[in-house]
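These figures come from a predicted structure and were not determined experimentally. Residues take their numbers from the sequence shown, with the count starting at 1.
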Amino acid sequence: MNILKVNRGKVEIYKSNGSYVRAIGKGNAVFADFNSNQTLVAITCDNGKVEIYKENGCYVRMVGKNDAVQARWNGKEIAIQRKNGMTELYKENGSYIRSI
């Protein structure tokens, strides 16, 4: 199992024994979360964007609007909390599901 750490805007992946694996993202992260099988990472950026990356560092897509506070995986869905307090659910492929 790997561990994510946000360090000065960079998302760093570490093995559970503490050894460094790699950094991913563009260096403007405020929060990051692995999906359940640790193949994808949802990165919440300081500009409110949510970007999805593969665990090897390859960019996949941007999800949601540009006003995210935090994005977390919920099974195969991504729950994005917005600045106005609403939470939106998106599919792994970026399709909107519903607001909560």
Is any side-chain heavy atom of [X] closer than 4.5 Å to a side-chain heavy atom of [Y]?
X     : Y      : value
Glu55 : Leu40  : no
Val63 : Ile80  : yes
Ile52 : Ile78  : yes
Leu89 : Ile100 : yes
Tyr90 : Glu77  : no
Arg82 : Lys65  : yes

Check for a donor-acceptor pair, side chain of [X] on one end and backbone N or O of [Y] on the other, with a separation under 3.5 Å.
X     : Y     : result
Arg8  : Asn28 : no
Asn35 : Gln38 : yes
Arg72 : Ala42 : no
Asn2  : Ile13 : no
Trp73 : Asp33 : yes

d(Thr87 OG1, Arg98 CZ) to nearest 0.5 Å is 11.5 Å
So if you build clusters from Ile, Leu, Val, Met, Phe, Trp, Tyr with side-chain heavy-atom gaps below 4.5 Å, do Val30 and Val6 land together?
no
Should Val11 and Val21 be regarded as members of a common hydrophobic cluster, given that ILVMFWY residues are connected when their side-chain heavy atoms come within less than 4.5 Å of each other, either directly or indirectly?
yes
Please name the pair of heavy atoms, one in [X] and one in [Y], separated by the smallest distance, quoted to 0.1 Å.
X     : Y     : result
Ser99 : Met86 : CB-CE, 3.7 Å
Ile43 : Gly25 : CD1-CA, 4.1 Å
Val50 : Ala68 : CG2-CB, 3.5 Å
Tyr14 : Tyr20 : CD2-CA, 3.6 Å

Sorted by first residue and then second, give each side-chain hydrogen bond (donor to acceptor under 3.5 Å, both in side chains) pair with at least one member in residues 40-49; sequence neighbours left out.
none
Let me see the working for Ile24 and Val41 under side-chain contact (heavy atoms from CB on, under 4.5 Å), right down to the final yes or no.
CA-CA 9 Å; Ile24 61 173; Val41 179; 3.8 Å; yes
Quick test of your reading of the model: are Glu51 and Lys26 salt-bridged, counting only N-O distances below 4.0 Å?
yes
So ring pair (Phe, Tyr, Trp, His ring centres under 6.0 Å) across residues 32-57, not counting sequence neighbours, yields Tyr53-Tyr59
